[in-house]
K.L.:
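I am attaching a structure below and will ask some questions about it afterwards.
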Amino acid sequence: MIRCQNLTFSAGGKRILDAVTADAPPGRITALVGPNGAGKSTLLGLMGRLKEPERGQVMLGAEDAAGIPRPIFARRLTALRQATRITPRLTVCDLVGFGRYPHNPGHLTKEDQRIVEACMTDMALDDLADRQIDTLSGGQQQRALIAMVLAQETEILLLDEPLNNLDLSHARRVMNNLSARSRAGRTIVTVLHDLTIAARFADHVVALKDGRVHAEGSPDEVFTPEVLRELYGAEVEVHRINGKPVILPI
Ligand SMILES: Nc1ncnc2c1ncn2[C@@H]1O[C@H](COP(=O)(O)OP(=O)(O)OP(=O)(O)O)[C@@H](O)[C@H]1O
Ligand SMILES: [Mg+2]
């Protein structure tokens with residue numbers, strides 16, 4: 001369980017998160033949704049200790065995340081950032097191999113290599129393993145970054161808009177892979193803008209607006225026309241297919 005308690009954060013003289021209290025249940029996918037500028041990336045950054053809160057704390061189970069030594073924290077939690085700059089002169093295989101660094105700095109064991117290869121296969125990168133990152137398309141680069149994050153095999157995964165640049169088939173591949181990992185006990189928090197995908201794959205939803213929690217609950221509870229109208233200031237229709245909400249802007 002990740003528990004954000006009363007997280008407050010400011011930058012540039014502006015309050016960006018205001019007393020945010022929200023949970024990400026263990027072994028589940030939590031979708032972080034809300035309009036541009038709501039504070040989703042900031043909240044994910046605080047969970048991943050990329051930023052320090054002004055007030056409040058992030059609990060991992062019964063432990064205060066701030067008290068966990070960095071090397072141990074890096075083996076428990078990994079984060080995919082929204083905009084990641086990667087060294088161009090690196091092959092896909094090398095990049096994914098970096099994911100093993102917190103476990104085995106310096107060299108990859110046979111087991112590390114096995115994990116790297118499995119994660120490349122998971123992200124359909126086998127044919128691209130020896131390509132340099134800067135020769136890849138946007139979606140191919142995104143899949144390489146996701147494979148690097150998966151290769152870390154941490155119990156907690158934080159992903160900021162992992163579906164950026166991905167086509168329907170690869171988006172489905174990523175979400176199915178995250179589902180399988182959550183069923184295997186991993187705790188996943190992911191920022192998603194596609195609410196129908198969020199409804200299809202997430203177990204729990206946290207909706208942020210203007211730096212505060214606007215709604216939190218199951219997709220059924222959060223994805224209603226009333227909640228979404230207030231959240232986005234836009235009219236939507238919510239239909240149901242196979243029991244899951246499908247959200248259409250109108
Ligand atoms: N260093 C900073 N200085 C000033 N304002 C900042 C800073 N970092 C973030 N902000 C502001 O904080 C707000 C929240 O930013 P954040 O990146 O968390 O939003 P988001 O919900 O992830 O949005 P998006 O969906 O566009 O990615 C935005 O209004 C942003 O402009
Ligand atoms: Mg963001």
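Note that these values count all heavy atoms, side chains included, but never hydrogens, waters or copies made by symmetry.
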K.L.:
Under a 3.5 Å distance rule, please check whether Thr78 uses its side chain to pair with a backbone N or O of Leu157 as donor and acceptor.
P.N.:
no
K.L.:
Would you say that Gln142 contacts Leu80 through its side chain, given a criterion of any heavy-atom pair below 4.5 Å between the two side chains?
P.N.:
yes
K.L.:
If you draw a 6.0 Å radius around CG in Leu168, do more than 12 non-hydrogen atoms from other residues or ligands fall strictly inside?
P.N.:
no
K.L.:
Show your working on side-chain contact (heavy atoms from CB on, under 4.5 Å) between Leu108 and Asn104 and close with a plain yes or no.
P.N.:
CA-CA 6 Å; Leu108 297 186; Asn104 290 307; 5.7 Å; no
K.L.:
Looking at Arg76 and Glu63, what are the two nearest heavy atoms and their distance?
P.N.:
NH1-OE1, 2.9 Å
K.L.:
Under a 4.0 Å N-O cut-off, is there an ion pair linking Glu230 with Lys209?
P.N.:
no
K.L.:
Can Arg114 and Glu111 be said to form a salt bridge (charged side-chain N to carboxylate O under 4.0 Å, His left out), step by step?
P.N.:
CA-CA 5 Å; Arg114 188 196 61 74; Glu111 174 64 1; 2.9 Å; yes
K.L.:
Do other residues, nucleotides or ligands put more than 12 heavy atoms under 6.0 Å from Arg55 CZ?
P.N.:
no
K.L.:
What's the spacing between Arg15 CZ and Asp210 CG if we round to 0.5 Å?
P.N.:
13.5 Å
K.L.:
Look up atom CD1 in Ile115 and atom CD in Glu153, then write down how far apart they are to the nearest 0.5 Å.
P.N.:
4.0 Å
K.L.:
For Asp167, look at atom CG and say whether over 12 heavy atoms of other residues, nucleotides or ligands are found less than 6.0 Å away.
P.N.:
yes
K.L.:
In terms of hydrophobic clusters joined by side-chain contacts under 4.5 Å, are Leu192 and Val205 together?
P.N.:
no
K.L.:
Would you call Arg240-Asp220 a salt bridge at under 4.0 Å N-O?
P.N.:
yes
K.L.:
Yes or no on side-chain contact (heavy atoms from CB on, under 4.5 Å) for Arg3 and Asp23, after CA distance, side-chain angles and deciding distance?
P.N.:
CA-CA 5 Å; Arg3 174 154 284 176; Asp23 287 342; 2.8 Å; yes
K.L.:
Please give me the minimum heavy-atom distance between Leu208 and Ala38, naming the atom from each residue.
P.N.:
O-CB, 3.4 Å
K.L.:
Flag the pair Leu17 / Thr8 as yes when at least one side-chain heavy-atom distance between them is below 4.5 Å, and no otherwise.
P.N.:
no
K.L.:
Would you please test Lys40 and Glu161 for salt bridge (charged side-chain N to carboxylate O under 4.0 Å, His left out) and show each step?
P.N.:
CA-CA 10 Å; Lys40 304 177 298 297; Glu161 301 194 31; 5.5 Å; no
K.L.:
Taking the side chain as C-beta and beyond, is there a heavy-atom pair between Val58 and Ile2 under 4.5 Å?
P.N.:
yes
K.L.:
Is it the case that one hydrophobic cluster holds both Leu7 and Leu158, taking links as side-chain heavy atoms less than 4.5 Å apart, direct or via other members?
P.N.:
yes
K.L.:
For Glu52, does the CD atom sit with more than 12 other heavy atoms under 6.0 Å from it, leaving out its own atoms?
P.N.:
no
K.L.:
Would you indicate whether the side-chain heavy atoms of Pro25 and Thr187 approach each other to under 4.5 Å?
P.N.:
no
K.L.:
If you round to the nearest 0.5 Å, how far is OG1 of Thr196 from CG of Leu248?
P.N.:
6.5 Å
K.L.:
Shortest non-hydrogen contact from Arg49 to Ala65?
P.N.:
NH1-O, 2.9 Å
K.L.:
Applying the 4.5 Å side-chain criterion to the ILVMFWY set and letting contacts propagate, would Ile29 and Leu60 be lumped into a single cluster?
P.N.:
no
K.L.:
What do the steps show when you test Thr30 against Ile188 for side-chain contact (heavy atoms from CB on, under 4.5 Å), and what is the final call?
P.N.:
CA-CA 6 Å; Thr30 296; Ile188 295 168; over 6 Å; no
K.L.:
Is any side-chain heavy atom of Met59 closer than 4.5 Å to one of Met1?
P.N.:
no
K.L.:
Find the distance between CD1 (Ile68) and CG (Asp64) and round it off to the nearest 0.5 Å.
P.N.:
8.0 Å
K.L.:
What are the two closest non-hydrogen atoms of Ser179 and Phe201, and how far apart are they?
P.N.:
OG-CD2, 3.7 Å
K.L.:
Taking atom CZ of Arg212 as the centre, does the number of heavy atoms from other residues, nucleotides or ligands within less than 6.0 Å exceed 12?
P.N.:
no
K.L.:
Decide whether Gln132 and Thr135 meet the rule of one side-chain donor and one side-chain acceptor closer than 3.5 Å.
P.N.:
no
K.L.:
Using only heavy-atom distances, determine whether the side chains of Asn177 and Arg181 contain a donor-acceptor pair under 3.5 Å.
P.N.:
yes
K.L.:
Under 4.5 Å between any side-chain heavy atoms of Arg81 and Asp160, yes or no?
P.N.:
no
K.L.:
Can you check whether Val222 reaches His214 side chain to side chain, under 4.5 Å on heavy atoms?
P.N.:
no
K.L.:
Determine the minimum heavy-atom distance between His170 and Ala124, stating which atoms define it.
P.N.:
NE2-CB, 4.1 Å
K.L.:
Do Val174 and Leu125 belong to the same hydrophobic cluster, where Ile, Leu, Val, Met, Phe, Trp and Tyr are linked whenever their side-chain heavy atoms lie under 4.5 Å apart, directly or via other members?
P.N.:
yes
K.L.:
Taking the side chain as everything from C-beta on, heavy atoms only, tell me whether Pro53 gets closer than 4.5 Å to Phe9.
P.N.:
no
K.L.:
Have a look at Val96 and tell me which of Leu90, Leu145, Val116 forms a side chain to side chain contact (heavy atoms under 4.5 Å, CB included) with it.
P.N.:
Val116
K.L.:
Could you tell me the separation between the CZ atom of Arg28 and the CG atom of Asp203, rounded to the nearest 0.5 Å?
P.N.:
5.5 Å
K.L.:
With a 4.5 Å cut-off on side-chain heavy-atom distances among I, L, V, M, F, W and Y, is there a chain of contacts connecting Leu150 to Met148?
P.N.:
yes
K.L.:
Show the numbers, then the answer: is there a side-chain contact (heavy atoms from CB on, under 4.5 Å) between Asp122 and Met120?
P.N.:
CA-CA 5 Å; Asp122 281 352; Met120 287 197 298; over 6 Å; no
K.L.:
Do you know which two heavy atoms are closest between Thr154 and Ala74, and how far apart they sit?
P.N.:
CG2-O, 3.7 Å
K.L.:
Which distance, rounded to the nearest 0.5 Å, do you find between the CG of Leu128 and the OG1 of Thr91?
P.N.:
11.0 Å
